[in-house]
Engineer: 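Questions regarding the structure given below will be posed in turn.
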Amino acid sequence: MNSDALNPDTLNADMLNAGAPHTDTLALTSAASSGAAAFLPLVFGVVVVGFLIGAFVLGRRVRARQPRPPLPEEQPTRPPGGGPEGSGPEGGGA
């Protein structure tokens with residue numbers, strides 16, 4: 001066996017990278033994974049915006065089915081006496 005092949009001082013770059021993937025393959029893999037990583041937040045954002053728009057539309061439909069608030073002349077009036085029973089000075093109310 002050649003002892004120079006195992007000496008760390010004599011190892012060259014080709015020997016060090018013999019078991020590792022080529023840098024071109026590594027760059028392509030990295031580019032592909034970063035493209036997917038950039039695509040997923042975009043899809044997630046579109047889904048969230050879709051849910052928000054759907055919730056807004058549903059809220060508008062529910063609100064449209066509710067009765068309108070009463071007009072000022074349709075508002076309830078106070079009973080004759082000025083207020084609820086027991087609210088006077090001798091009534092002991094809060």
Side-chain angles (χ1 to χ4, degrees):
M1 192 169 201
N2 188 355
S3 64
D4 287 337
L6 298 177
N7 187 354
D9 297 330
T10 60
L11 293 176
N12 59 23
D14 292 334
M15 290 177 156
L16 291 174
N17 291 330
H22 294 295
T23 56
D24 294 338
T25 307
L26 186 61
L28 289 174
T29 305
S30 174
S33 66
S34 69
F39 184 69
L40 289 177
L42 177 69
V43 170
F44 181 73
V46 169
V47 168
V48 168
V49 168
F51 276 120
L52 290 174
I53 291 173
F56 180 78
V57 169
L58 180 65
R60 297 278 299 202
R61 287 182 183 173
V62 168
R63 178 83 188 238
R65 280 187 265 156
Q66 293 177 346
R68 65 169 174 76
L71 297 173
E73 51 273 353
E74 296 172 346
Q75 295 285 335
T77 58
R78 290 181 184 238
E85 191 173 326
S87 64
E90 67 278 345

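By convention here, the first residue in the shown sequence is residue 1.
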Engineer: Sequence neighbours left out, what passes side chain to side chain donor-acceptor pair (under 3.5 Å) with Gln66? Give chain and number order.
Structural biologist: none
Engineer: Under the salt bridge (charged side-chain N to carboxylate O under 4.0 Å, His left out) definition, can you give me all pairs with a residue in residues 57-67, not counting sequence neighbours?
Structural biologist: none
Engineer: Do any pairs count as a salt bridge (charged side-chain N to carboxylate O under 4.0 Å, His left out) and have a residue in residues 66-75, sequence neighbours left out, and if so which ones?
Structural biologist: Arg68-Glu74
Engineer: Could you state whether Phe44 and Leu52 fall into the same hydrophobic cluster, counting links through intermediate Ile, Leu, Val, Met, Phe, Trp or Tyr residues with side-chain heavy atoms under 4.5 angstrom apart?
Structural biologist: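 Both belong to a single hydrophobic cluster.
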